[in-house]
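Have a look at the structure below before the remarks.
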Amino acid sequence: MMLGKTKRYLEVTRVLLKYNLIPELYRDLRTNYISNPDCTCDFDVENRQTAVKLRQAFEDLGPTFIKMGQTMSKRPDLVPQSYVIEMSNLQDKVKPVPFEEMAESLDLACVCEYQTREDRNRKKSEEELKAERERRAKAFIEIFDSFDPEPIACGSIAQVYKGVLDGKPVAVKILRPNLIDTINIDLSILDDFKPVMKKILRVGKKFDIDAFLLEIREMLTREVDLRIEAVNMRRFDDNFKNVKNVSVPEIYPVYCSANVLTMEFVRGTQVKDIIDMPVSQSKKSEYTRTITKSYLKQVYIDGFYHADPHGGNMLVEENDTVAFIDFGAVGSIDDELQKNMLEFYYSINNRDVEEATQAFLKIGGADARDVDVRRLRKDMDDLIANQNYGLEGRQSDNYAKLGLKYDIRLPGEFSTLQRAILLIEGVCLELDPRYNIKTIAIPVLMDAYKKLNTPKGAALHIEFSAEPLDEKAELRAAIREVAEKMEYMGDRFLEGKQKESKRSVFSREFYLVVLLVVSTYILLTGGSFSWVGLVGFGGVILIALLSVIRGN
């Protein structure tokens with residue numbers, strides 16, 4: 001172990017010196033200047049050159065450092081925007097390992113040969129080791145009807161091959177050999193570098209370096225056991241079993257292990273390739289709707305989502321079904337965080353600065369007494385203005401910077417999700433420059449509110465069930481006003497401070513309001529049963545008129 005760590009230290013040092021990174025990183029990461037999202041100013045261009053070198057160094061050093069770069073890409077609160085952009089371009093593509101050298105990972109293969117104790121303990125020659133690897137590789141290939149030993153995709157963690165099993169084409173993902181040993185050494189080296197990282201990043205108590213490294217460790221732990229990915233795929237498939245235009249490859253459990261994942265081979269075109277293909281804009285827009293709706297369902301209804309949804313991990317099949325692949329990186333959200341995030345985004349959509357501020361504090365588990373809430377409200381107002389009135393393009397603002405500014409530690413799931421949604425938005429904007437996630441999100445978020453039974457339920461359901469058409473704007477405003485009145489009356493009722501003479505009046509008003517809201521909801525969403533809402537709506541008007549006449 002010590003010898004291996006020393007060799008790895010020398011390798012890391014060699015790569016850092018190769019790209020002259022130590023002095024350049026120290027200079028760039030300690031410089032504060034005004035930047036823009038596209039990184040086009042002189043400082044940005046200069047920093048981008050160093051960021052490119054760092055990306056190349058991470059790619060040279062393998063899986064642990066690639067994961068560290070990917071984690072950096074979702075922390076714009078810690079590193080300059082130029083580094084965030086470049087780290088998001090990390091390519092996990094490496095030179096392929098010959099199939100015979102993959103033998104250590106081929107644990108499905110059974111090679112039965114008798115060896116004496118002396119043979120097992122004897123140090124074997126290179127020729128003998130090569131012969132053993134070849135026998136194991138041959139035994140693995142014989143499991144399949146046919147198997148191509150040339151990989152169709154190569155990453156730092158696994159290589160993917162194409163084969164045929166029971167007459168059906170399959171993709172076979174196999175971990176690279178001796179992977180865990182290398183990762184453990186790298187993690188130990190990163191632990192040694194913690195004081196240096198703190199000095200360079202200069203973020204003090206607001207950045208938990210141990211939590212940062214723990215996130216990398218957990219990501220790698222999940223990815224080096226392909227049984228976890230198999231579970232993720234089956235869970236995702238179950239969540240979308242009733243959705244026709246979204247799919248995930250079927251797995252073959254008998255032919256899966258910790259090192260091998262055998263799954264259906266998906267025939268399709270990667271979404272990133274469709275961007276420049278001669279496909280009609282209406283089709284591309286349709287794909288953006290499918291991708292967005294499916295992702296919102298993953299996050300806000302299922303609470304389980306693909307954490308790396310870039311254009312290469314989504315394929316469009318011939319029947320226009322979108323298939324998600326590569327489930328090594330996933331995320332999950334519990335009901336409490338879902339609820340707080342839904343309230344937060346609803347408040348932003350409703351331009352409610354106070355409610356958005358309170359929901360943001362809930363997400364970060366912060367006490368309002370420890371935060372300058374007045375300044376936070378001002379920044380939240382700016383954020384909401386950009387979200388609702390910004391130009392076409394990205395609508396998902398970076399809330400991590402806001403958290404860092406006020407020392408609000410947002411949960412890791414929130415940061416991971418933010419990066420994933422930005423990836424989704426980036427892909428969809430390339431497919432359709434007029435894409436706006438907000439217009440597609442409304443009906444999906446309505447279902448999410450129903451599932452979680454959040455406060456203000458009736459008002460939220462109606463707000464998000466209405467089509468975003470101009471001719472219904474006045475009706476939506478009226479419904480919102482009625483709902484707010486109903487909530488106000490409910491508060492009065494719970495206080496129990498009304499006089500007996502007014503209690504009957506309140507009761508009549510309260511039930512009229514309930515009937516009006518329910519009738520309007522059915523009228524908007526009832527389809528063939530819309531007449532029921534119309535009858536109820538008319539009944540409310542009639543009762544109200546009779547009440548006025550009697551009162552007079």
Side-chain angles (χ1 to χ4, degrees), residues 12 15-16 19 21-22 24-33 35 37 39 43-44 46-93 155-157 183 186-187 189-204 206-220 222-223 307-310 328-329 331 396 398-405 409-423 426:
V12 171
V15 172
L16 292 176
Y19 294 103
L21 279 169
I22 296 176
E24 293 189 20
L25 282 174
Y26 185 81
R27 180 198 64 206
D28 291 354
L29 297 181
R30 291 176 61 89
T31 302
N32 293 319
Y33 62 90
S35 181
C39 293
F43 281 112
D44 282 325
E46 188 176 350
N47 272 8
R48 189 68 180 267
Q49 294 173 353
T50 307
V52 169
K53 294 179 182 179
L54 183 63
R55 173 183 60 76
Q56 293 171 337
F58 282 170
E59 289 172 354
D60 287 355
L61 290 170
T64 309
F65 291 87
I66 288 173
K67 292 303 171 190
M68 184 166 75
Q70 290 172 345
T71 305
M72 288 171 62
S73 72
K74 61 187 181 187
R75 295 306 302 266
D77 51 330
L78 299 177
V79 296
Q81 180 68 9
S82 54
Y83 282 78
V84 171
I85 293 173
E86 195 59 40
M87 290 303 105
S88 66
N89 294 329
L90 269 169
Q91 296 295 313
D92 193 3
K93 294 180 180 179
S156 59
I157 286 181
I183 289 174
D186 286 346
L187 290 172
I189 289 174
L190 288 176
D191 277 333
D192 294 344
F193 268 91
K194 278 194 295 188
V196 179
M197 294 168 71
K198 285 183 178 180
K199 184 72 174 177
I200 292 177
L201 293 175
R202 198 180 56 179
V203 289
K206 294 182 180 181
F207 175 54
D208 189 341
I209 187 70
D210 293 311
F212 180 79
L213 294 178
L214 178 61
E215 182 179 351
I216 297 171
R217 183 184 298 273
E218 289 178 344
M219 289 172 63
L220 289 165
R222 289 192 296 267
E223 293 197 35
D308 193 22
H310 59 72
S396 293
N398 179 23
Y399 306 108
K401 289 182 180 178
L402 202 58
L404 184 73
K405 181 175 180 179
R409 184 171 295 176
L410 299 172
E413 299 92 335
F414 187 85
S415 300
T416 301
L417 177 60
Q418 272 300 111
R419 176 182 179 271
I421 290 179
L422 286 172
L423 284 174

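Annotation: the span from R217 atom CZ to D186 atom CG amounts to 11.0 Å, rounded to 0.5 Å. The NZ atom of K67 lies 14.5 Å from the CG atom of L190; values are rounded to the nearest 0.5 Å. Note that the CD1 atom of I216 and the CD atom of Q70 stand 10.0 Å from one another [nearest 0.5 Å]. From L90, atom CG reaches atom CD1 of I66 across 6.5 Å, with rounding to the nearest 0.5 Å. The line from CD of E59 to CG of L54 is 10.0 Å long, rounded to the nearest 0.5 Å. The NZ atom of K53 sits 7.0 Å away from atom CG of L21, with the distance rounded to the nearest 0.5 Å.
Proximity of L187 to L213: side-chain heavy atoms (C-beta onward) are nowhere separated by under 4.5 Å. Residues K194 and D210 form a side-chain contact, since some pair of their non-hydrogen atoms from C-beta on lies under 4.5 Å apart. Considering only heavy atoms from C-beta on, F65 stays 4.5 Å or farther from V15 through its side chain.
For A307 against G331, the heavy-atom pair with the smallest separation is CB-N, 4.0 Å. The heavy-atom pair separating V84 from M72 by the smallest distance is CG2-O, 4.3 Å. For I183 against P63, the heavy-atom pair with the smallest separation is CG1-CG, 4.3 Å. A329 and E223 get closest at one heavy-atom pair: CB-OE2, 4.3 Å. Taking both residues in full, the closest heavy atoms of L423 and P309 are given as CD1-CD, 3.8 Å, listed atom of the first, atom of the second, then distance.
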Derivation of the side-chain contact (heavy atoms from CB on, under 4.5 Å) call for N89 and V52: CA-CA 9 Å; N89 294 329; V52 169; over 6 Å; no

